[in-house]
Structure formats: C-alpha cells, structure tokens
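We name chains A, B, ... by the order of the sequence lines, and we start the count at 1 in each one.
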There are 2 protein chains.
Amino acid sequence: MSLSHAIMTALLDEDLSGYELAKRFDVSLGFFWSASHQQIYKALKQLHESALVSAKDIDQQGKPNKRIYALTDSGRKDLDTWVLGETRTKPAKDELLVKMYNIGRSDLDQIVAKIEVRRGEHVLKLALFRKIESRQYLDPENLPLRKKGVYLALQAGILQTETSIRWCDDSLSLLKR
Amino acid sequence: MSLSHAIMTALLDEDLSGYELAKRFDVSLGFFWSASHQQIYKALKQLHESALVSAKDIDQQGKPNKRIYALTDSGRKDLDTWVLGETRTKPAKDELLVKMYNIGRSDLDQIVAKIEVRRGEHVLKLALFRKIESRQYLDPENLPLRKKGVYLALQAGILQTETSIRWCDDSLSLLKR
DNA sequence: GGTTGATATGCAATTTTATGCATATTAAAC
DNA sequence: GTTTAATATGCATAAAATTGCATATCAACC
C-alpha cells in the first residue's frame, strides 16, 4: 500500500499526529500523494499494529489530546525496501479531458467555463509552489542530497502546473475563436 | 461513476464491443482515463441494465462471438448531463515523486535508474501522441468543433509528456553531478 | 499434436478510496 | 450565550480499482 509509505516518508523529518499529517497531505507531500484524514487515521492504526511506527499520547491544554507517531527502525527498513522496489506509473485520470471529447454536442460555453475554473486552480497551486521554492530552494546546486530530492519533486509540481496553465490558455484561445 | 461516462464517450463515434473498448482504453481515450477489461465489462453490464446502452450479439466465424454496444438516446442524455455537471480535479498520485523524498537515505543509483525508466516510458508515449497528431490533426484551426476538443485533449497529453521528459532530464543532470 | 498469441467475456475476492456521520475541546467573534 | 472555526480522532458504509482466477475459439507456428 503506497499510502502507508507516503505517511512514513512524511515521518522521516518529524514526528507527527494524524491531524498534522492530514495537513501535510493537504500541501507539500500531498501535491504528489493525497489522502483524506479518514484514510490517514486508518493507515496509522495499521502501521502501529505492524510496529512500523510508534505512538505516544500527548496531553494538551487548550486543545484536544493528540497521538504523536514516529518511525521505528523496522519502519525505516520497510520504507527503504519500498523505495528500491517496483515503482508503478499511475495512468492519469482527468474528467475534464474526457469531457473535451464531448465538445460540440453540448454547450461550448460551459466547457470553456470549466477550463477557466481549472486554470484558476492551477494558478493558485503554482503560487503556492513558488512560495515554497523562494523560501527554501533558491540554491538547488548546494542543497544536501536529501533535500535535492524534495526540490526535484517540487520542480515536477511547478513544471506540470505551468504546463497545465499553458494548455488552458491554448484551449481557451482555440475554442473562443 | 466516471468510468461509465468515459465508456459512453468512446461510444459516441462508433459502436464497440467490450474487447474493442478495452483496446481503446489502452490508447486514445485511455491516455486520459484508464480501466482494465474487467472494469469495462462490468460497467457495460450496468450501463445495459440502466438502458443507457443497447447490446447486440454478433456471431463471428474464426473468432469467439462478441457483443456490440451502442449508445441509446437515454445514454446520450445522461452523458450530456454529466458533461455539464461538476468536474472534479483528481489530485495526482505519483510513487516516484514520493520516493524522491527518500533520496540520500537509500541508494541514489537505483533512484536514478527509476527516473531513466520513467523517461523511457514518456518517450514512447510521446512518439505515439505525435503519430496520432501527424495523421489526424495537422490543421487544428479548421477542424470541426467536435474534433477540436479531441485535438486539445491530445495536446494536453503531448504537453504533459514533454514536460515530464524535461523534468527527468533536469533531475538526472542534478543528481548525477 | 502441442504451444503460443490474438480474440472474446466474465466472476470473485481483496484492497483502496470516497462519503457520510459522529464526537469532543477550546478560543474568538458577535 | 451562541455560533463559528480550529484542533483532534475515528467508525461505518459505499463505490471503485486491483488482482487472481476461469473459460472458450481459432490461427499460426514448431
């Protein structure tokens, strides 16, 4: 299960609660692997039962108590094995592109509007990527190896998002003509 | 269920059997929405029960008999409604990018090899896209509206794939330094 | 005569993901 | 004092995807 390994990857840098993990999966790692909080809590429970993570209950004042998870040695080993193992390329799934095949039979304006919505989403996402980049990754050549990987993942996000925006622009221009 | 609508979209142009649909989902529409043959046969059965497609059994010599499905009027209506309805943006999921976060703790060479494999996949895919483009879409401005949508989906595939190749090259160059 | 590969369809079980619901604390705003 | 928002965790169910079978015809090859 990849979700478990994405969670363990997030736990490499810091020990986190389910709630905090869910927030990380909303940005950062979540740009490349997403999950709902329900999924995350469930996966954490299973990881704990398999002893791949340890758990510690933390009493808090002002907030509900939380349970902090940390990678165990056994978890690290499992993660290493996963990293070196088979890496599947998930086929893309995009409703909008399937809908593009239906243009002409339905209302063109409404599909144009959908492309504009998509464009807006990507613009927001790109701004977020750029913000992270400018704060932490201005000098990629001199990052430690570990950070270079994270930097490259971020670059993947930036490039793909820029490309998507360009596609939206091209499409809008062709369809509005 | 989006798969049903992707199938109905494929049935817009021609009546197809489950087997033929599965082949379409391996290329063409499948670049943007993928499914296994088991999924497709199941969805077709349900679509038929809902009368969104009609079925006709065809006796064949030299091959097993097959069952050809066609969109019904009710199917067309359902498809129109879906096209105009809410369009979700699926969050991307890419194991390779999650693995990038693990560089440095595991064998760099093996991750570099994975990026090279990924690059090869994309090069093949791009060649396929380009072939389709050169055969059918050399003059996008003068396509009928319906075909413009398909052309734009193809362009999305081309742009995204080119971007992925560029990312692989950038990554290989940074990691090999 | 036997294997391989393309054609053709499907069930069953499992895993993964999505959706809806449920609960509880505290701070801040109105 | 009541609503809203953030923090915090989770169950139960439904939908979707994956994986492992299972079957059958016919042509081509060895």
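- Within residues 28-38 of chain A, the residues that place at least one heavy atom under 4.0 Å from DNA chain D are, in residue-number order, A/H37, A/Q38.
- To the nearest angstrom, P of C/dA8 lies 11 Å from CG of B/L16.
- Phosphate contact (OP1/OP2 of C/dA8, side-chain N/O of B/Q60, threshold under 4.0 Å): present.
- Evaluated for a salt bridge (charged side-chain N to carboxylate O under 4.0 Å, His left out) with B/D13, the options B/R24, B/R146, B/K147 yield exactly one hit, B/R146.
- With rounding to whole Å, A/Q39 atom CD is found 15 Å from D/dA16 atom P.
- No side-chain donor-acceptor contact under 3.5 Å links B/S164 and B/R118.
- With a 6.0 Å cutoff to the six-membered ring centre and a 45° limit on the axis angle, A/K99 counts as a cation-pi contact of B/W82.
- The phosphate of D/dA17 has neither OP1 nor OP2 within less than 4.0 Å of any side-chain N or O from A/R88.
- At the phosphate of D/dT9, OP1 or OP2 sits under 4.0 Å from a side-chain N or O atom of A/S17.
- If you check every strand for non-hydrogen atoms under 4.0 Å, B/K42 touches nothing.
- Comparing D/dA17, C/dT7, C/dG10 by their nearest atom to the side chain of B/Y41 picks out C/dG10.
- The side chain of A/R67 contributes no N or O atom lying less than 4.0 Å from OP1 or OP2 of D/dT7.
- Using a 4.0 Å cut-off, no side-chain N or O of B/K45 falls inside it from OP1 or OP2 of C/dT9.
- Side-chain contact check for B/K114 and A/T87: at least one donor-acceptor pair (N or O, by modelled atom type) lies under 3.5 Å.
- In this model, the phosphate group of D/dA17 is approached by a side-chain N or O of A/K93 to a distance below 4.0 Å at OP1 or OP2.
- For the residue pair A/S134 / A/R130, no side-chain donor-acceptor distance below 3.5 Å is found, with atom types taken as modelled.
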